[in-house]
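Reviewing the structure listed below.
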Amino acid sequence: MDGRMGAISPPGRLAEPAEGISPEELALATRNHGMPLESLRYDLTPPGLHYVLVHYDIPAADADTWALTLGGRVRTPLTLDMAALRSFPPATHRVTMECAGNGRARLTPRPVSQPWLVEGIGTAEWTGVPLRTLLAACGVAPGSVDVVFTGADHGLERGIEQDYQRSLPLEVATGRDPEVMVAYAMNDAPLPPQHGYPLRLVVPGWYGMAHVKWLRDITVIDTEFAGFQQQVAYRYRQAADDPGEAVTRIAPRALMVPPGFPDFMSRTRVVRPGPQFLEGRAWSGMAPVVRVEVSTDGGRGWYDAELDVPPHGRDWAWRHWQAPWTAAPGTHVLGVRATDAEGNSQPVKQNWNRGGFGNNLVQRVEVLCEASASPDGGAPGTAGPAGHAEPPTRSSTGSSTSTSTSS
């Protein structure tokens, strides 16, 4: 890489103590987007609301001419078009996907990159072919170690020109729980362009960097993959020269639907005094979520929320939770945290790392409780002229169902 290319693609860095969001970070935040937290009410996230992170460009893709090649250490290399892929028995899994950098902008010092708060999430039903089915059709050679996935997106990162590539250990690629998929549909419709049309990888329980979009090649190798996104970019490290540990499975997290209604600029929430429903979703890529706790006093005290029974058994998707709260006039800081079956829980103090990955710090939602917040002093428990109504009565499941397939 010559000096000019390196100059436009510098190494990762930390923001200075008083440094605000840079124009470059703002540009990233403009082309990528998070899921509005009020969308936690949906069991399935409509594709247009599901979080998006695109490393380079969204490729121009034509399903009629798209081909997936499978090769490397296999008995029978294959080239499959979309019709051939659809001829395999399909599978559908409901999967919560989260960006590995979700929560990065809340760290101190702040790693300079896509400035996620906590909205880098979404849940969809993905339909496609189990990866183990395709690998079985190829016949993986003994002694194979990793399976490498190459997308059609191409770009420059930290001075290195590359196709986007990630790998999985062979035992993960061929596993049944989670079952890795080569997906061609999202919520019963073809993949939208920003979600990998016409083909992507789905790795339940793993952070989003593993779910390679615009998938065009699968190669089996007999060594650990040493590509940039595997060995350089997505690592938990404390210093620039620290080799670090690989970013893999999603740490537990619970998020709350912000109650009441927001101020436009500050996003501070306003609620009326009296009984409230607090609700949201919780998930973990390490083990099923078994407990969600809520705090309404800035984390000094916690009480258990009610967890809904997962509607799809062992699918790798979030669980709905709800908890009562009686709001009194004043300012309150609400929080929620999840614990999974292996005892992993969310921290109340940040677990810092240089890349800003896996920051599952407990969410904090500041709420102002006012007896009247409408211009004419509308009465509590009624909708004022601005349409600020009390929360709706919850259904027996406490959640709303959506299978929206376009936006």
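Worth saying up front: this structure is predicted, and the values here are computed from it rather than measured.
- Here Asp146 does not pair with Arg166 in a salt bridge; the nearest charged N to carboxylate O distance is not below 4.0 Å.
- Here Glu179 pairs with Arg132 in a salt bridge; the nearest charged N to carboxylate O distance falls below 4.0 Å.
- Ion pairing of Arg291 with Glu293 is present here, as a side-chain N (NZ or NE/NH1/NH2) and a carboxylate O approach within less than 4.0 Å.
- A salt bridge links Asp163 to Arg216: one of the charged nitrogens lies within less than 4.0 Å of a carboxylate oxygen.
- Under the 3.5 Å distance criterion, the side-chain polar atoms of Asn187 are matched with a main-chain donor or acceptor of Thr45.
- A salt bridge between Arg13 and Glu19 is present, with a side-chain N of the basic residue lying under 4.0 Å from a carboxylate O of the acidic one.
- The existence of a salt bridge linking Glu25 and Arg104 is excluded, since no basic side-chain nitrogen approaches an acidic carboxylate oxygen closer than 4.0 Å.
- Figure legend: Arg337 and Trp302 shown as a cation-pi pair, the cationic atom lying under 6.0 angstrom from the six-membered ring centre and within 45 degrees of its axis.
- Listed for the Ser295 side chain is a donor-acceptor partner under 3.5 Å among the backbone atoms of Gly301.
- Using a 4.5 Å heavy-atom threshold, the side chains of Thr219 and Phe149 count as separate.
- Between the side chain of Asp62 and the main chain of Asp64, a donor-acceptor pair closer than 3.5 Å is present.
- A donor-acceptor contact shorter than 3.5 Å links the side chain of Arg237 to the backbone of Asp242.
- For Gln350 (side chain) and Thr108 (main-chain N/O), a donor-acceptor pair under 3.5 Å exists by modelled atom type.
- Salt bridge Glu279/Arg41: present, at least one basic N to carboxylate O contact under 4.0 Å.
- Annotation for Arg364: atom CZ does not count as buried by contact number, only 12 or fewer foreign heavy atoms lying within 6.0 Å.
- Salt-bridge annotation for Arg272 and Glu370: absent, with no side-chain N of the basic residue lying under 4.0 Å from a carboxylate O of the acidic one.
- Inter-residue side-chain proximity for Ile218 and Val148 is flagged as unmet; no heavy-atom pair is nearer than 4.5 Å.
- Met209 places a side-chain heavy atom less than 4.5 Å from the side chain of Val247.
- Inter-residue side-chain proximity for Tyr42 and Leu49 is flagged as met; some heavy-atom pair is nearer than 4.5 Å.
- A 4.5 Å side-chain heavy-atom check between Trp206 and Leu168 finds at least one atom pair inside the cut-off.
- Considering Val74, Leu70, Leu78, Val180 as possible partners of Leu134, the one that fulfils the side-chain contact (heavy atoms from CB on, under 4.5 Å) test is Leu70.
- A donor-acceptor pair is defined here as one N or O able to donate and one able to accept, closer than 3.5 Å; no such pair exists between the side chain of His332 and the backbone of Leu368.
- The number of heavy atoms from other shown groups lying within 6.0 Å of CD (Glu224) does not exceed 12.
- The side-chain contact (heavy atoms from CB on, under 4.5 Å) search around Glu245 returns none, not counting sequence neighbours.
- Judged as a ring-ring contact (aromatic ring centres under 6.0 Å, His included), and not counting sequence neighbours, Tyr184 has no contacts.
- The aromatic ring centres of His55 and Tyr164 sit less than 6.0 Å apart.
- Cation-pi geometry between Arg200 and Trp126 is met: under 6.0 angstrom from the ring centre, within 45 degrees of the axis.
- Between the Tyr303 side chain and the Pro324 main chain, a donor and an acceptor come within less than 3.5 Å of each other.
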